[in-house]
2 protein chains.
Amino acid sequence: MTPVTKLVKQKIQDAMEDLTRSERQLASILMQDYPMGGLQSITKLAAAAGVSTPTVIRMARKLGFDGFPDLQDALREEVAAQIKKPISKRDAWMVDESAEHPLMRFAQVVWTNMRHTLERIDTGMFDQVAQLLADTTRPLYVVGGRISRSNADYLYNHLQIIRPNVTMLGNSANVWPQYLLDMDASSVLVIFDIRRYEAHLEKLAQIASERGVTVVLFTDQWGSPIGRCADFTFNGLVEAPSSWDSTIALQLIVEALIAEVQDARWEESKERIEELEAMFSSTRLFRNQG
Amino acid sequence: MTPVTKLVKQKIQDAMEDLTRSERQLASILMQDYPMGGLQSITKLAAAAGVSTPTVIRMARKLGFDGFPDLQDALREEVAAQIKKPISKRDAWMVDESAEHPLMRFAQVVWTNMRHTLERIDTGMFDQVAQLLADTTRPLYVVGGRISRSNADYLYNHLQIIRPNVTMLGNSANVWPQYLLDMDASSVLVIFDIRRYEAHLEKLAQIASERGVTVVLFTDQWGSPIGRCADFTFNGLVEAPSSWDSTIALQLIVEALIAEVQDARWEESKERIEELEAMFSSTRLFRNQG
DNA sequence: AACCATGTGTAACATTAATTACAGGAGCAA
DNA sequence: TTGCTCCTGTAATTAATGTTACACATGGTT
């Protein structure tokens with residue numbers, strides 16, 4: 001989307017000769033902290049430049065704008081483009097196809113979700129949770145909602161191999177109380193709950209929390225109500241060009257966590273995994289690289 | 001010049017739990033084209049988010065601002081700071097942290113995996129498979145390996161809601177023969193098999209293929225041996241800075257496929273989903289926007 | 001020195017934005 | 001169902017912004 005019109009900056013420079021003294025003063029301020037200076041109210045801008053508000057308008061008109069708000073719109077667009085530029089550049093590799101194929105459109109959005117999710121994540125908390133999950137003195141329980149249970153399963157699947165004492169809560173809520181009996185202050189409960197949030201899960205989390213269980217929550221950008229009683233919460237952006245949510249951003253965190261936990265317990269888990277491998281008589285078609 | 005106050009983005013994120021339905025809708029728009037979306041007039045912003053202007057103000061207050069203009073000032077400062085940064089720094093959103101934090105390193109690799117996976121994918125085949133999965137005259141069977149069964153489960157989980165006639169094969173290979181009896185030339189078998197490839201799965205695929213079943217395979221960049229008897233194969237890059245593989249690239253394809261299938265059968269699946277929703281008495285935190 | 005032209009700010013005005021008050025409505029509990 | 005609470009939008013109100021009209025000032029010209 002190349003700008004049809006010239007940049008405001010350029011317009012100012014081009015028109016500079018035709019500008020009057022106070023207009024130039026204004027222009028100077030405008031250029032000085034470009035472009036944000038121009039996005040204040042006309043009053044503040046005028047005050048900052050030490051000129052009157054009509055001067056601002058007169059200049060805007062000279063530059064070819066309809067009025068001050070019109071100039072501001074142009075500036076806003078510029079800034080938006082400026083800010084988006086690095087991203088769109090990075091995404092350039094798919095731009096050609098993106099218009100054509102839904103898969104690429106989808107990928108585009110997922111990528112944005114990942115970025116924003118990571119920008120927002122608290123790496124300190126990430127480390128804390130990794131440590132928590134690596135602590136084998138703490139029994140681990142994993143549970144997910146109707147849809148998110150697959151993500152829960154993924155985490156369970158790996159952790160259960162890496163360390164002992166990991167339990168996946170059954171799918172039906174009516175068996176959960178049995179698990180709750182076993183949970184205490186040393187336990188950790190990992191919950192996956194994305195919209196639409198499930199009442200059962202919230203209840204589970206509440207009771208567990210009351211029992212002193214450490215609750216780790218994976219949820220979407222809006223946040224499951226469980227967040228209120230969770231000790232750690234990961235928010236992943238899930239909106240996708242689909243009537244379904246995309247859990248990839250969350251999956252990313254999960255995988256990274258698994259990697260961290262594995263690293264932390266490398267010595268202990270190594271033999272555990274080797275034993276397990278031995279049990280499976282899977283054909284070894286590929287070398288273990290790295 | 002580190003911001004004394006938290007970023008608006010962050011504030012929104014933190015307060016998300018306390019936000020109401022329409023406030024979240026607004027927040028979503030705000031995040032979506034952040035931060036320029038918030039620099040318009042309150043009227044336009046409200047209109048863009050599909051909420052009323054008072055909602056905007058209420059949220060601004062909840063975030064700790066004095067009013068809407070106060071929020072705007074904060075945004076403006078953020079943008080100004082952002083713009084003043086040298087482009088190179090701004091551009092590399094994760095470079096600063098990537099050296100430090102494993103999560104960012106991990107994300108970096110995953111991103112590369114996604115890119116290469118998409119570059120390599122045959123969009124025509126993608127469409128064909130989407131069509132295949134949307135065809136309800138074809139019974140669908142889904143199965144995965146020890147680890148990849150979570151991915152299989154994810155696909156199953158969604159498809160089973162979207163359309164009838166979807167079956168997830170049990171975890172233990174010894175019950176698979178029973179399913180095989182039901183499969184014929186009209187059936188579709190979706191298999192997830194990433195290293196280390198499992199002999200059971202290969203056997204299953206072979207027999208199914210001989211029975212005329214259409215086999216769709218999700219595997220890694222090296223390719224499961226099942227590829228030889230599969231009709232369609234998706235290869236996703238799975239290497240990660242971890243002793244575990246990352247299935248995110250595959251997950252991306254799966255999610256995109258789900259979106260496509262859902263789209264293709266929107267009319268039919270709509271009421272199916274509505275029925276299902278009705279059964280779950282989950283709290284309605286989000287409106288059904290047309 | 002008086003005049004004109006141009007530039008500039010003041011002040012009144014119109015318009016739009018921001019805020020408040022209030023009432024209808026959805027969801028939840030008893 | 002009834003009553004309650006909490007959202008949420010409509011509409012009225014207030015504040016501000018943007019605009020225009022006009023008068024004063026300045027500087028150059030006759």
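Note that the coordinates shown come from a computational prediction; the quantities given were computed from them, not determined experimentally. Lettering follows sequence order; numbering is per chain, from 1.
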Nearest whole angstrom, please: distance from the P of dG18(D) to the CG of D73(A).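 Going from D73(A) (CG) to dG18(D) (P), I get 11 Å.
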Against F234(A), only a single residue in I253(A), D220(A), D122(A) fulfils side-chain contact (heavy atoms from CB on, under 4.5 Å); can you say which? I253(A)
Can you give the donor-acceptor pairs under 3.5 Å from side chains of residues 54-67 of chain B to other protein atoms, not counting sequence neighbours?
from   : atom 1 : to     : atom 2 : distance (Å)
T55(B) : OG1    : S52(B) : OG     : 3.1
R61(B) : NE     : D66(B) : O      : 2.8
R61(B) : NH2    : D66(B) : O      : 3.3
K62(B) : NZ     : D18(B) : O      : 3.0
K62(B) : NZ     : E23(B) : OE1    : 2.8

Indicate whether OP1 or OP2 belonging to dA17(C) is found under 4.0 Å from a side-chain N or O atom of T43(B). yes
Determine: side-chain N/O of S41(A) to OP1/OP2 of dT17(D), distance under 4.0 Å, yes or no. yes
Residues in salt bridge (charged side-chain N to carboxylate O under 4.0 Å, His left out) with [X], at least two apart?
| X | value |
| --- | --- |
| D14(B) | K6(B) |
| R120(A) | none |
| D231(A) | none |

Picking from dT19(D), dA18(C), dT8(C), which would you name as closest to the side chain of R21(A)?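 Nearest listed nucleotide: dT8(C).
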Starting the side chain at C-beta, find the nucleotide from dT19(D), dT19(C), dG9(D) nearest to R61(B).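 The listed nucleotide nearest to R61(B)'s side chain is dT19(C).
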Just call it for R24(A): base, sugar-phosphate, or nothing, with non-hydrogen atoms closer than 4.0 Å on any strand. nothing
Find the bend of the helix from dA1(C)-dT30(D) to dA30(C)-dT1(D) as the angle between its two terminal axes (five pairs each), to the nearest 10°.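 The angle separating the two end axes equals 10°.
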Atom CD of Q206(A): over 12 foreign heavy atoms under 6.0 Å: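 Result for CD/Q206(A): enclosed.
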More than 12 foreign heavy atoms under 6.0 Å from CZ of R211(A): is that the case here?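 Yes, enclosed.
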Those residues of residues 45-59 of chain A lying under 4.0 Å from DNA chain D by at least one heavy atom: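 By residue number: T53(A), P54(A), I57(A).
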Any salt bridge linking K9(B) with E78(B)? Criterion: basic side-chain nitrogen under 4.0 Å from a carboxylate oxygen.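 Looking at K9(B) and E78(B), the cut-off is not met.
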